[in-house]
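This one's a predicted model, so the numbers in the text were calculated from it and none came from an experiment. When a ligand or atom number is given, it counts from 1 through the structure's own listing order.
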Amino acid sequence: RDEAHQHVTMLEARVADLQAETSRKEGEFAAKLREITAASEHQQAAMLQKHMWELTEAHTRKVEELEAELRQKAQTIALLQAQKADAVKAEAAASAKVKQAKESAAGEFRAQLAALYKYVDELNAFRDSIQGELIAMTNDMFNETVQTKMVRMMRDREIGAIRKAKAEMRAEVDAAEARAKDAEEGAEAAREQCEHALRIKDLESAGAIKHYKDKWRAEFDKRKKLHNMVLDLKGSIRVLCRVRPLLEKERFNLETGPDGQPVQPVKCTTEELIKVTSDKGDKEFEFDRVFASSEGQETVFDEVCALVTSVLDGYNVCIMAYGQTGSGKTHTMEGPDSDPGVNSRALQELFRLAEERGDEWEYRFSASVLEIYNEQIYDLLAGGRDQDAEKLDVKQGPDGMYVPGLRVEEVAALSDVAAVIHKGKQNRSTFATNMNEHSSRSHLVLSVYTVATARMGGAVMRGKLHLIDLAGSERIGRTGAQGDRLKEAQAINTSLSSLGDVIAAIGNKAKHVPFRNSKLTYLLQPCLGGDAKTLMFVNVAPTREYAGESLCSLRFAAKVNACEINKQGGAKPAAGK
Ligand code: ADP
Ligand code: MG
């Protein structure tokens with residue numbers, strides 16, 4: 001249609017052109033007319049007429065042509081308009097269709113939406129029901145927590161009561177210790193007075209000297225008795241438990257519980273209680289003291305230190321370590337050079353005390369190192385098991401049990417003791433192919449003998465200190481050992497169970513104590529029972545792997561500990577010094 005319009009415009013422009021030309025021709029005609037007028041009027045008129053007709057004709061033709069063209073264009077326009085109307089109609093039909101399609105889609109969508117709303121409602125209902133259950137469960141859990149808390153509170157109260165009782169006992173011990181100290185000071189003062197008087201009177205008479213000697217002796221005995229009482233109050237067989245720390249390699253494969261925390265099968269609940277969790281559940285034991293894995297050699301020795309004083313006072317003292325191989329016996333007794341154990345700390349304390357008392361007493365020390373393997377005694381200062389020919393045995397002597405032929409070396413200082421121990425260790429390792437294995441199958445006994453001579457009066461006191469690293473307590477016999485192994489296992493079982501029997505018999509004040517059942521108990525006879533003092537470490541490993549063995553060790557130790565408790569209320573055991 002636009003094209004047609006353009007065309008019309010063009011045609012109109014041409015009409016205008018033609019009109020312009022017409023007026024130009026009319027001008028020309030006027031000129032001719034004037035020319036012709038000059039010629040004959042008639043001719044002129046005829047010519048003019050003719051010319052006018054020609055012009056009019058040409059003009060008319062042109063106009064007709066244009067009109068025809070115009071009509072054609074109008075037709076084209078009409079056609080285009082018809083087409084446009086068709087297009088508009090088609091468009092209306094299409095939008096009607098679209099509208100219909102839209103409506104049907106909206107219907108479907110609404111239906112889906114409704115379905116979704118329904119589903120959401122169902123979910124909400126489900127959620128509500130779960131929330132209800134959850135609230136019920138939370139209430140149950142809350143009740144259980146309250147109950148657990150109450151049980152814990154009750155337990156804590158009980159533990160508190162036990163602690164209080166223990167503290168009261170400790171206070172009594174402290175009071176007795178204070179009394180002992182007072183007596184000691186009294187003795188000291190009396191001694192000074194005595195000496196003073198003696199000097200002034202220039203030992204006037206032998207009778208007076210004897211009187212003072214007796215008085216001093218009486219004071220000394222009193223102090224010794226009081227000190228003894230202090231230790232007795234603590235129990236003359238004491239059992240201390242020690243848990244060793246995890247070894248580096250054990251840290252890697254720790255079992256974890258449901259909370260993701262490493263499982264702790266051995267727990268030191270208080271300073272006196274230890275709990276072991278095994279396949280059979282929890283079991284708790286009480287001892288005089290339980291050392292957690294974090295407690296070091298110095299803390300351990302603090303508990304043992306008082307016993308050393310007794311040795312210088314002429315008592316027999318025995319400190320031993322019991323437990324399965326790898327539980328820390330050797331660490332406790334011997335320890336590494338950088339962090340020494342009970343042995344060297346005890347000896348250090350002996351020498352220190354001896355020096356402190358040097359004004360009153362002259363001390364002499366000697367030491368021996370022996371090993372009991374397969375119920376046979378080996379002298380480690382004489383070359384250990386090389387000297388097979390000379391079999392050593394325990395004999396009853398005037399000063400208690402002794403081993404004839406056993407080398408006893410004089411030691412004057414700590415360095416001498418170190419040398420003796422070193423020699424013993426070297427001799428032990430020369431005949432053992434596997435030192436660890438060997439040491440777990442034999443008992444190692446380091447003995448220190450003291451002879452104290454009073455500078456005044458010449459009284460003599462003899463004391464003995466046995467420091468023992470026992471054979472491993474694990475039950476090798478049960479794992480189908482044969483030959484030498486079986487013999488070894490039997491020997492170990494015999495000596496360790498004899499040790500238990502002997503201690504039990506002493507604790508029960510039995511008429512017969514089976515000291516002779518093993519070399520170990522026979523040798524230790526003067527150091528077990530009577531007014532001798534025994535201290536046993538029970539060493540346990542902290543891992544679940546060894547929980548069974550730990551339980552066995554703790555049961556054995558608990559038996560030993562119970563003996564001490566039995567003894568406390570009653571009279572002193574019959575076996576005398
Ligand atoms: P046992 O003599 O009972 O066979 P050990 O004393 O040889 O056991 O101890 C086994 C391992 O554990 C050793 O490597 C030792 O150094 C280590 N160990 C034992 N007790 C402790 C402790 N209290 N602190 C650090 N390491 C220890
Ligand atoms: Mg060892």
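- No donor-acceptor pair closer than 3.5 Å links the side chain of E303 to the backbone N or O of V300.
- Atom CG of D282 sits in a crowded spot, with more than 12 heavy atoms from other residues, nucleotides or ligands closer than 6.0 Å.
- Contact annotation: for L247 versus ligand 1, heavy atoms closer than 4.0 Å belong to the side chain alone.
- A salt bridge links R352 to E356: at least one charged side-chain nitrogen sits closer than 4.0 Å to a carboxylate oxygen.
- Heavy atoms of G326 come nearer than 4.0 angstrom to ligand 1 in at least one pair.
- Taking atom 25 (C) of ligand 1 as the reference point, the nearest protein heavy-atom neighbour is P245 CG, 3.5 Å.
- Under a 4.0 angstrom heavy-atom cut-off, E334 registers as lying outside contact with ligand 1.
- Within the model, atoms SG of C268 and NZ of K275 stand 11.5 Å from one another, a figure rounded to the nearest 0.5 Å.
- Around the Mg ion (ligand 2), the protein N, O or S atoms found under 2.8 Å comprise T330 OG1.
- The cationic atom of K283 (NZ for Lys, CZ for Arg) lies less than 6.0 Å from the six-membered ring centre of F285 and within 45° of the ring axis.
- The pair K181-E177 does not count as a salt bridge, with every side-chain nitrogen at least 4.0 angstrom from each carboxylate oxygen.
- Side-chain N or O atoms of E349 include none that pairs as donor or acceptor with a backbone N or O of A306 at under 3.5 Å.
- Proximity of atom 13 (C) of ligand 1 to the protein is not indicated, since no non-hydrogen protein atom lies closer than 4.0 angstrom.
- Panel note: side chain D288, backbone L240; no donor-acceptor pair is recorded below 3.5 Å.
- Not one N or O on the side chain of K519 forms a donor-acceptor pair closer than 3.5 Å with the backbone of D393.
- No more than 12 heavy-atom neighbours from other residues, nucleotides or ligands sit within 6.0 angstrom of CZ on R364.
- Heavy atoms of R242 found under 4.0 angstrom from ligand 1 belong exclusively to the side chain.
- Scanning G472, A292, G328, G296 for the heavy atom closest to atom 8 (O) of ligand 1 points to G328.
- Among all non-hydrogen protein atoms, the one lying nearest atom 15 (C) of ligand 1 is H331 ND1, 4.2 Å.
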